[in-house]
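Along the sequence shown, residues are numbered consecutively beginning with 1.
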Amino acid sequence: MKLKEIVTEKSSLWIFGYGSLVWKPDFKFSRSKIGYINGYSRKFWHGDTFHRGNKETVMKCMCVFQACTWGVGYEVHGTQIEESLRYLNIRESSLGGYVTELVEFYPRGEDEAVLALVYIATSDNPIYLGPASSEEIAAQIAMSSGKTGHNIEYLVRLAEFMRLYCPEVEDDHLFSIETAIIAIAMLPYLINKKRSMPVF
């Protein structure tokens with residue numbers, strides 16, 4: 001079933017978020033559930049020059065690839081469907097360069113999946129940045145901010161979400177970047193501490 005058919009034929013729609021949507025949906029919804037989608041893996045490989053980056057310092061944000069990704073599903077009903085899609089198509093597609101796909105969303109503790117809309121980044125996007133080491137990604141995140149805040153906040157809030165709501169899930173990519181950001185943040189402190197050490 002195509003998205004247009006779902007919007008016109010169904011009274012509700014699930015929208016799956018795996019990046020900033022897990023803590024900042026900014027649209028009205030009827031209910032939300034923690035869960036996952038199969039076939040996708042969250043990676044900081046997509047660029048952004050609006051929300052938390054600009055043309056000089058492109059932000060690193062999430063895109064998904066083959067594997068399993070945890071996040072939040074939001075169910076919208078009635079007029080919420082059109083309102084949320086209008087908002088998200090600007091936020092995620094027009095400004096973020098994401099495309100939409102329909103996927104099976106598995107709410108935690110439930111046996112059956114529901115069909116959900118997800119915004120994903122593809123390598124065809126002009127601001128797709130591709131794979132890089134955790135240290136390289138962290139260095140770029142440390143320098144990037146945009147109209148909705150600093151890129152470090154994006155990373156930290158996502159890591160907090162995973163620790164609080166999905167503690168059993170291992171996300172080595174996310175947490176290795178967080179570790180690298182902490183090392184970058186600590187560097188000035190360590191340099192100053194070394195300078196202030198007495199000479200014996």
Side-chain angles (χ1 to χ4, degrees), residues 1-54 58-108 110 112-129 146-149 151 153-155 157-158 160-162 165-166 174:
M1 188 177 276
K2 293 182 179 176
L3 177 60
K4 201 169 193 176
E5 293 172 352
I6 289 174
V7 172
T8 54
E9 292 179 17
K10 301 280 186 182
S11 61
S12 70
L13 172 71
W14 282 91
I15 298 167
F16 179 73
Y18 57 89
S20 60
L21 286 179
V22 302
W23 77 84
K24 188 178 166 54
D26 281 348
F27 59 86
K28 292 179 183 171
F29 54 91
S30 300
R31 61 182 171 152
S32 64
K33 293 184 178 187
I34 306 292
Y36 65 91
I37 59 173
N38 281 321
Y40 297 90
S41 172
R42 180 181 16 240
K43 302 290 181 195
F44 270 89
W45 292 353
H46 185 63
D48 177 78
T49 56
F50 181 81
H51 296 293
R52 294 179 186 271
N54 56 58
V58 178
M59 168 204 170
K60 284 278 194 176
C61 54
M62 303 313 297
C63 54
V64 289
F65 292 91
Q66 296 301 318
C68 171
T69 299
W70 282 80
V72 180
Y74 299 96
E75 187 178 26
V76 290
H77 285 96
T79 58
Q80 292 176 341
I81 297 173
E82 188 179 339
E83 291 166 5
S84 61
L85 291 180
R86 190 181 317 117
Y87 169 71
L88 288 171
N89 285 336
I90 292 170
R91 171 178 165 173
E92 303 295 332
S93 298
S94 299
L95 297 174
Y98 290 83
V99 297
T100 55
E101 284 191 12
L102 290 170
V103 296
E104 290 187 330
F105 166 59
Y106 294 86
R108 176 187 274 145
E110 297 182 22
E112 290 190 26
V114 294
L115 206 56
L117 178 73
V118 64
Y119 290 81
I120 64 163
T122 68
S123 56
D124 297 335
N125 190 311
I127 53 176
Y128 174 77
L129 301 172
K147 299 202 183 300
T148 59
N151 205 179
E153 179 191 22
Y154 183 100
L155 171 72
R157 284 184 177 260
L158 186 55
E160 282 176 354
F161 165 80
M162 289 300 292
Y165 297 103
C166 310
L174 174 65

Can you name the closest pair of heavy atoms from [X] and [Y] and give their distance?
X: Ile34; Y: Cys166; answer: CG2-SG, 3.8 Å
X: Phe16; Y: Gly35; answer: CE1-O, 3.8 Å
X: Ile15; Y: Ser84; answer: CD1-OG, 3.6 Å
X: Ile37; Y: Phe105; answer: CG2-CA, 4.0 Å
X: Arg91; Y: Asp26; answer: NH1-CB, 3.9 Å

How many angstroms lie between [atom1] in [X] and [atom2] in [Y], if you round to the nearest 0.5 Å?
X: Asn89; Y: Leu117; atom1: CG; atom2: CG; value: 8.0 Å
X: Lys43; Y: Leu129; atom1: NZ; atom2: CG; value: 15.0 Å
X: Glu110; Y: Lys33; atom1: CD; atom2: NZ; value: 3.5 Å
X: Leu158; Y: Ser20; atom1: CG; atom2: OG; value: 9.0 Å
X: Ser30; Y: Leu13; atom1: OG; atom2: CG; value: 10.5 Å
X: Glu160; Y: Glu153; atom1: CD; atom2: CD; value: 9.0 Å

Polar side-chain atom of [X] near backbone of [Y] as donor-acceptor pair, under 3.5 Å:
X: Arg42; Y: Tyr18; result: yes
X: Arg157; Y: Val22; result: no
X: Gln80; Y: His77; result: yes

Heavy-atom side-chain proximity of [X] to [Y] below 4.5 angstrom:
X: Val72; Y: Leu21; answer: no
X: Val103; Y: Asn38; answer: no
X: Leu88; Y: Thr100; answer: no

Please list, chain by chain and in numerical order, all residues satisfying salt bridge (charged side-chain N to carboxylate O under 4.0 Å, His left out) with Glu101, sequence neighbours excluded.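 Salt bridge (charged side-chain N to carboxylate O under 4.0 Å, His left out) check on Glu101 returns nothing, list empty.
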Under 6.0 Å from the OH atom of Tyr165, do we count more than 12 heavy atoms belonging to anything else shown?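 For Tyr165, atom OH is not crowded (no more than 12 foreign heavy atoms under 6.0 Å).
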Quick one: are the ring centres of Tyr154 and Trp23 less than 6.0 Å apart?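 They qualify: ring centres under 6.0 Å apart.
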Can Phe27 and Tyr74 be said to form a ring-ring contact (aromatic ring centres under 6.0 Å, His included), step by step? CA-CA 10 Å; Phe27 59 86; Tyr74 299 96; 5.5 Å; yes
Partner residues of Tyr106 under the ring-ring contact (aromatic ring centres under 6.0 Å, His included) criterion, sequence neighbours left out: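 Partners of Tyr106 by the ring-ring contact (aromatic ring centres under 6.0 Å, His included) criterion, ordered by chain and then number, come out as Tyr36.
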